[in-house]
2 protein chains.
Amino acid sequence: MTHNTVDYARRIRQSGGRLTPQRRLILDAVCEGGGHTTLDEIYARVQAKVPTVNLATIYRTLDFLCDIRLVVRAQVGKQTYYEIASAEPHHHLICRHCGHEEELANQMVEAFFANIRQHYHFYIDSDHLTLFGVCPHCQQSPSVTTNA
Amino acid sequence: MTHNTVDYARRIRQSGGRLTPQRRLILDAVCEGGGHTTLDEIYARVQAKVPTVNLATIYRTLDFLCDIRLVVRAQVGKQTYYEIASAEPHHHLICRHCGHEEELANQMVEAFFANIRQHYHFYIDSDHLTLFGVCPHCQQSPSVTTNA
DNA sequence: TTACGTGCAAAATATTTGCAAGAAG
DNA sequence: CTTCTTGCAAATATTTTGCACGTAA
């Protein structure tokens with residue numbers, strides 16, 4: 001568990017919510033996902049521990065956790081990923097052909113954002129960028145097509 | 001209609017597909033969306049002209065058009081937008097507070113992509129980037145909250 | 001004790017698929 | 001002609017909701 005136990009409990013209560021075992025489980029499941037997890041994965045992890053937890057609860061709780069900003073949603077292609085809001089900003093390069101996924105250094109992204117800030121006075125705070133392209137390997141073997 | 005009629009017909013045939021009235025209609029509907037349109041909007045536009053076109057055809061055709069890259073999908077929040085691929089790459093800055101949307105110069109994005117290419121040998125071809133942040137105006141009046 | 005949160009089942013949406021008929025090339 | 005596409009209906013998948021009961025505070 002990466003998150004600070006005391007802190008998240010307070011965050012939940014301060015926003016008028018209650019700290020239930022289900023919410024704890026779901027929050028833990030999001031943490032265990034490391035970078036990002038899908039709703040299905042969260043459901044599976046929670047079920048593995050307490051099989052009675054209902055899918056509807058997962059939906060409702062994730063909405064709740066996003067509302068109070070303990071968790072953030074990240075859209076990658078069609079999938080929605082969930083992650084702990086306090087996590088370090090991180091970004092991905094994904095290959096259209098083979099699906100290969102690679103981490104993109106935040107430093108490089110920050111430089112880009114700084115540039116935008118300078119020119120547009122627009123303060124970017126996207127903390128999860130996903131860029132699609134073609135990886136080095138697939139540039140040499142253009143026939144492979146696993147992924148749309 | 002923005003797209004070149006001859007060209008798209010060829011693109012479809014060259015990829016082993018057939019140019020049907022439905023595909024024409026759907027392609028037009030995507031064009032009429034200007035920047036980007038949702039599947040629902042496309043369906044509505046097509047229905048307005050030819051009410052017999054089925055929703056399943058919209059799904060299948062958009063998949064097809066994306067496969068042959070006449071059309072691209074752009075994910076903004078929960079919504080999937082469709083747009084003509086040949087359109088100039090364009091990018092947006094969206095303000096989280098007031099929803100203000102601004103165009104981001106492709107040149108700046110290209111520089112960023114070039115940088116990635118150089119360091120990762122990853123050839124980025126995302127042609128529609130959407131970045132969330134805070135616009136100059138809202139940085140001065142931090143209370144406004146129209147958008148999540 | 002008093003709302004709030006949960007499980008359950010059902011409803012509302014969204015997307016995909018099989019198949020026979022129609023049409024593009 | 002031949003094979004790809006479509007419409008239709010049904011199958012799946014996904015997300016939301018109403019309600020009665022349990023429980024955090």
Side-chain angles (χ1 to χ4, degrees), chain A residues 5-6 8-30 37-68 70-71 73-82 148, chain B residues 5-30 37-68 70-71 73 75-82 148:
Chain A
T5 304
V6 180
Y8 84 73
R10 269 198 25 223
R11 286 278 297 278
I12 288 179
R13 293 211 191 85
Q14 283 186 343
S15 45
R18 291 178 184 175
L19 182 58
T20 65
Q22 288 90 337
R23 287 183 175 172
R24 234 186 291 241
L25 278 166
I26 291 166
L27 207 39
D28 283 353
V30 176
T37 332
T38 63
L39 187 140
D40 286 340
E41 291 167 348
I42 293 167
Y43 183 48
R45 270 186 220 117
V46 170
Q47 285 268 310
K49 293 181 188 163
V50 183
T52 57
V53 176
N54 197 274
L55 184 53
T57 300
I58 308 285
Y59 277 101
R60 284 187 286 217
T61 300
L62 285 174
D63 279 352
F64 169 76
L65 293 174
C66 287
D67 279 353
I68 67 171
L70 260 183
V71 168
R73 261 181 257 267
Q75 205 65 226
V76 177
K78 271 205 159 175
Q79 263 296 359
T80 300
Y81 291 95
Y82 295 87
Chain B
T5 304
V6 179
D7 188 61
Y8 84 74
R10 269 199 24 224
R11 285 278 298 280
I12 288 179
R13 292 211 191 84
Q14 283 186 343
S15 45
R18 290 176 184 176
L19 183 59
T20 65
Q22 289 90 336
R23 286 182 176 173
R24 233 187 292 243
L25 278 167
I26 290 165
L27 208 36
D28 284 353
V30 176
T37 334
T38 63
L39 187 141
D40 286 340
E41 290 168 350
I42 292 167
Y43 183 48
R45 271 186 220 116
V46 170
Q47 285 269 310
K49 293 182 188 163
V50 183
T52 57
V53 176
N54 197 274
L55 184 54
T57 302
I58 308 284
Y59 277 102
R60 284 187 287 219
T61 301
L62 285 174
D63 279 352
F64 169 75
L65 293 174
C66 287
D67 279 354
I68 68 172
L70 262 182
V71 168
R73 262 181 257 267
Q75 204 66 226
V76 178
K78 266 204 160 175
Q79 263 295 359
T80 301
Y81 291 95
Y82 296 87

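Keep in mind that the numbers below use all heavy atoms, side chains included, and drop hydrogens, waters and symmetry copies. A, B, ... follow the sequence lines: proteins, then strands. Residue 1 opens every chain.
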Whether [X] contacts [N] is assessed here as follows: a side-chain N or O lying under 4.0 Å from the phosphate OP1 or OP2. Is that the case?
X: Tyr59(A); N: dT15(D); answer: yes
X: Gln22(A); N: dT23(D); answer: no
X: Thr57(B); N: dG7(D); answer: yes
X: Thr61(A); N: dT6(C); answer: yes

For this session: Mind checking the CD-CD spacing from Glu41(B) to Gln79(B)? Nearest 0.5 Å is all I need.
Result: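 Glu41(B) CD to Gln79(B) CD: 7.5 Å, rounded to 0.5 Å.
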
Exercise. Is a side-chain N or O of Arg23(B) found less than 3.5 angstrom from the main chain of Arg18(B), in a donor-acceptor match?
Worked result: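 At least one qualifying donor-acceptor pair exists.
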
For this session: Report the C-alpha separation of Tyr43(A) and Val53(A) in whole Å, then their side-chain angles, then the decisive distance to 0.1 Å, and conclude whether the side chain to side chain contact (heavy atoms under 4.5 Å, CB included) test is met.
Result: CA-CA 8 Å; Tyr43(A) 183 48; Val53(A) 176; 5.7 Å; no

For this session: Could you encode protein contacts along nucleotides 20-25 of chain C as a string, one character per nucleotide from 5' to 3', using B for base contact, S for sugar-phosphate-only contact and - for no contact, with a heavy-atom cut-off of under 4.0 Å?
Result: ---BBS

Exercise. Any side-chain heavy atom of Leu39(B) sitting closer than 4.5 Å to one from Ile58(B)?
Worked result: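 The answer is yes, as the side chains (C-beta and beyond) meet within the 4.5 Å cut-off.
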
Exercise. Does the side chain of Phe64(A) come within less than 4.5 Å of Leu70(A)'s, by heavy atoms?
Worked result: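 With C-beta onward as the side chain, the pair stays apart.
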
Just how far, in rounded Å, is [atom2] of [N] from [atom1] of [X]?
X: Phe64(A); N: dG5(C); atom1: CZ; atom2: C1'; answer: 10 Å
X: Ile12(A); N: dA24(D); atom1: CD1; atom2: P; answer: 13 Å
X: Asp63(A); N: dC4(C); atom1: CG; atom2: P; answer: 18 Å
X: Asp67(B); N: dT5(D); atom1: CG; atom2: C1'; answer: 15 Å
X: Tyr43(A); N: dC8(C); atom1: OH; atom2: C1'; answer: 11 Å
X: Ile58(B); N: dT16(C); atom1: CD1; atom2: C1'; answer: 15 Å
X: Leu55(B); N: dG7(D); atom1: CG; atom2: P; answer: 11 Å
X: Arg60(A); N: dT17(D); atom1: CZ; atom2: C1'; answer: 8 Å

For this session: Check step by step if side chain to side chain contact (heavy atoms under 4.5 Å, CB included) holds for Asp63(B) and Arg73(B).
Result: CA-CA 9 Å; Asp63(B) 279 352; Arg73(B) 262 181 257 267; 3.1 Å; yes

Exercise. Which of these passes side-chain contact (heavy atoms from CB on, under 4.5 Å) with Arg45(A): Asp28(A), Asp40(A), Thr37(A)?
Worked result: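 Between Arg45(A) and the candidates, side-chain contact (heavy atoms from CB on, under 4.5 Å) is satisfied uniquely by Thr37(A).
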
For this session: Starting from the C-alpha separation in whole Å, work towards a yes-or-no answer on side chain to side chain contact (heavy atoms under 4.5 Å, CB included) for Leu27(A) and Thr61(A).
Result: CA-CA 9 Å; Leu27(A) 207 39; Thr61(A) 300; over 6 Å; no

Exercise. Excluding sequence neighbours, so at least two apart, what forms ring pair (Phe, Tyr, Trp, His ring centres under 6.0 Å) with Tyr81(B)?
Worked result: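 By the ring pair (Phe, Tyr, Trp, His ring centres under 6.0 Å) rule, Tyr81(B) matches His36(B).
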
Exercise. Using rotation axes that map the C1' atoms of four end pairs onto the next four (five pairs an end), what angle separates the end axes of the helix from dT1(C)-dA25(D) to dG25(C)-dC1(D), to 10°?
Worked result: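 Answer rounded to 10°: the end axes differ by 50°.
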
Problem set entry | Of Ala56(B) and Asn54(A), the one whose closest DNA chain D nucleotide lies more 5' |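 Going by which nucleotide is closer to the 5' end, it is Ala56(B).
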
